[in-house]
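The next block holds one structure in the form of structure tokens; read it before the comments.
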Amino acid sequence: MPELPEAETIRRQLEEEVVGARLQRLTIHVGRVAREQGSEAELRALTEGRSIEGVGRRGKAVLLFLDGRQPVTLIIRLGMTGLVRLVDRREPQDKATAATLELNDGRDLRFLDQRQFGSLTARPGHDPDAMPEFSHYGPEPFSEEFDLEYLKSALARRTAKLGVVLMDQQFVAGIGKIYSDEILFQAGLRPGRSAKSLTGPMRERLWRAIREVLAKGIERHGSSARDETFRDIRGVPGRFQECFYVYQRTGEPCRVCGTPIRRTPLPGGRGMHWCPTCQK
DNA sequence: AGTTGGACCTGACTGC
DNA sequence: TGCAGTCAGGTCCAAC
């Protein structure tokens with residue numbers, strides 16, 4: 001699942017490769033990909049002919065900053081299975097290709113999306129916080145705003161389970177199933193514990209784990225385990241799955257204490273993985 | 001308002 | 001071998 005580390009991997013690579021290139025033509029192959037925009041024609045009208053000034057990220061979304069008298073941002077939401085590939089135009093098209101962005105240098109930026117949960121949307125301006133997609137988003141985990149004081153006040157009113165709150169983009173942006181499981185293991189906290197039950201030292205462990213686990217995920221270019229199909233823009237898989245302590249390790253011995261890893265359904269239907277001995 | 005469950009989507013996997 | 005059923009989870013929406 002593309003979460004913050006996968007989106008940041010794509011952002012960094014695109015920043016090196018496509019800044020300065022012009023987006024000549026945008027072709028939609030799967031209509032659903034433009035559903036947030038309303039119409040494919042509007043998406044094309046807002047983006048075609050503009051140059052890419054920069055590449056950003058908000059939570060799990062990759063942002064292409066396009067130039068013009070009235071600048072535009074193309075929001076790439078990866079959903080569950082979204083991939084961005086940068087290829088020579090002569091490269092054969094994968095059947096999962098949902099949209100093609102033709103650049104003026106002979107390359108294609110292709111958006112692949114097996115399960116069609118992803119989307120492309122163009123919004124005016126370059127400030128993500130002014131866009132409806134992100135209006136409810138909490139702070140970025142690596143921002144100054146995301147400090148212990150914020151954590152304390154944001155958790156105080158939450159009766160929901162930690163595993164749920166960590167994945168709530170309103171609490172902090174960018175965390176999904178994989179990294180919430182791994183973060184809670186590193187913090188030594190059970191995903192089923194209520195968010196507001198944390199003591200000061202526990203909050204500090206959680207804060208540190210959020211930053212460390214996400215940073216390690218970025219460093220390893222994201223997770224590409226089992227059915228996680230993540231690849232970077234050149235088609236290379238990430239390596240964070242080699243660092244998994246609990247995610248998708250149900251029944252396997254904990255790497256720290258040997259206790260079999262448990263899997264418990266979370267409100268919302270997702271399963272959380274955790275070690276009954278290491279996590280309290 | 002915060003929390004919860006269902007819907008969307010399709011490839012991979014399980015069981016008979 | 002085949003086919004129905006289940007699972008995976010990011011995000012939105014309706015209902016408590």
Side-chain angles (χ1 to χ4, degrees), chain A residues 1-8 10 28-38 57-63 75-84 94-99 111-121 123 128 131-138 141 153-184 191-197 214 217 222-231 237-238 240-241 244 246-251 261 263-274:
Chain A
M1 283 80 269
E3 303 178 29
L4 186 151
E6 289 76 21
E8 179 63 18
I10 294 170
I28 305 290
H29 309 292
V30 176
R32 257 182 72 79
V33 75
R35 64 191 180 284
E36 302 293 334
Q37 193 79 62
R57 181 189 56 72
R58 180 74 171 107
K60 305 168 186 174
V62 177
L63 310 172
I75 304 168
I76 305 173
R77 307 192 84 172
L78 301 160
M80 282 266 299
T81 52
L83 298 173
V84 175
D94 189 292
K95 66 172 180 177
T97 307
F111 181 60
L112 286 67
D113 193 10
Q114 197 75 254
R115 286 183 214 174
Q116 301 178 30
F117 278 35
S119 64
L120 298 183
T121 314
R123 299 289 182 206
M131 302 171 193
E133 281 73 13
F134 310 115
S135 60
H136 65 287
Y137 269 36
S153 66
L155 293 177
R157 58 200 152 79
R158 305 294 300 259
T159 57
K161 298 178 190 307
L162 260 185
V164 172
V165 173
L166 259 191
M167 287 192 290
D168 182 353
Q169 305 304 295
Q170 191 167 356
F171 165 64
V172 63
I175 298 173
K177 197 72 221 47
I178 296 175
Y179 294 93
S180 69
D181 279 354
E182 295 300 319
I183 286 166
L184 289 174
R193 167 193 275 278
S194 94
K196 68 176 184 182
S197 75
L214 292 176
S223 309
S224 310
R226 304 189 195 181
D227 58 342
E228 319 311 325
T229 53
F230 176 73
R231 296 292 185 274
F240 185 67
Q241 66 278 8
F244 286 170
V246 287
Y247 181 73
Q248 280 189 342
R249 295 195 67 243
T250 311
I261 299 302
R263 185 177 181 278
T264 316
L266 202 67
R270 284 73 166 117
M272 43 196 180
H273 308 81
W274 56 289

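Just so we're clear, the structure is a prediction, and the values are computed from it rather than from any experiment. Sequence lines set the chain letters: A, B, ... in the order given, protein chains first and strands last, and positions in each chain run from 1.
Across the protein-nucleic acid pair, A/Leu83 atom CG and B/dG11 atom P stand 14 Å apart, rounded to whole Å. Atoms CZ (A/Phe134) and P (C/dG10) sit 15 Å apart, rounded to a whole Å. The distance between atom CG of A/Leu120 and atom C1' of C/dT11, rounded to the nearest whole Å, is 16 Å. Rounded to whole Å, atom P of C/dT11 lies 12 Å from atom CD1 of A/Ile175. One interatomic measurement links the two molecules: CD of A/Gln169 to C1' of C/dG9, which rounds to 12 Å at whole-angstrom precision. Atom-to-atom, CE of A/Met272 to P of C/dA8 comes out at 13 Å; the value is rounded to the nearest Å. The distance from atom NE2 of A/His273 to atom P of C/dC7 is 13 Å, rounded to the nearest whole Å. A straight line from CD1 of A/Ile75 to P of C/dG10 spans 19 Å, rounded to a whole angstrom.
Contacts of A/Thr250 classified as side chain to side chain donor-acceptor pair (under 3.5 Å), with partners at least two apart in sequence or in another chain: none. Considering only residues two or more places apart in sequence or on other chains, A/Lys60 meets the salt bridge (charged side-chain N to carboxylate O under 4.0 Å, His left out) condition with none of them. The side chain to side chain donor-acceptor pair (under 3.5 Å) test applied to A/Glu8 returns A/Arg11, A/Arg12, A/Arg57, not counting sequence neighbours.
Put simply, the side chain of A/Arg158 never gets that close to the backbone of A/Leu155: no donor and acceptor are under 3.5 Å apart. When atom types are taken as modelled, the side chain of A/Glu182 and the backbone of A/Val246 share a donor-acceptor pair closer than 3.5 angstrom. No side-chain donor-acceptor contact under 3.5 Å links A/Gln169 to the backbone of A/His136. No donor-acceptor pair closer than 3.5 Å links the side chain of A/Ser194 to the backbone N or O of A/Thr159. For the pair A/Glu6 (side chain) and A/Ser223 (backbone), a donor-acceptor distance under 3.5 Å is present.
Summarising the geometry of A/Ser119 relative to A/Arg35, their closest heavy-atom pair is CB-NH1, 4.0 Å, with the distance given to 0.1 Å.
With respect to A/Tyr247, the side-chain contact (heavy atoms from CB on, under 4.5 Å) criterion is satisfied by exactly one of A/Arg263, A/Met272, A/Lys177: A/Lys177.
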Please write out the pairs of protein N or O atoms and N or O atoms of nucleotides 12-14 of chain C separated by less than 3.5 Å, giving the distance to one decimal.
residue	atom	partner	partner atom	Å
C/dC12	OP1	A/Arg77	NH1	2.9

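Axis deviation across the helix from B/dG2-C/dC16 to B/dC16-C/dG2 amounts to 50°, comparing end segments of five pairs, rounded to 10 degrees.
Between A/Tyr179 and A/Phe240, the ring planes are parallel. Angles under 30° get that label, and only those over 60° would be called perpendicular.
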- Note on the structure: Each nucleotide of nucleotides 3-9 of chain B classed B (base within 4.0 Å of a protein heavy atom), S (only sugar-phosphate) or -, in 5' to 3' order, makes SSS-BBB
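As judged by a 4.0 angstrom heavy-atom cut-off over every strand, A/Arg35 is placed among residues making no nucleic acid contact.
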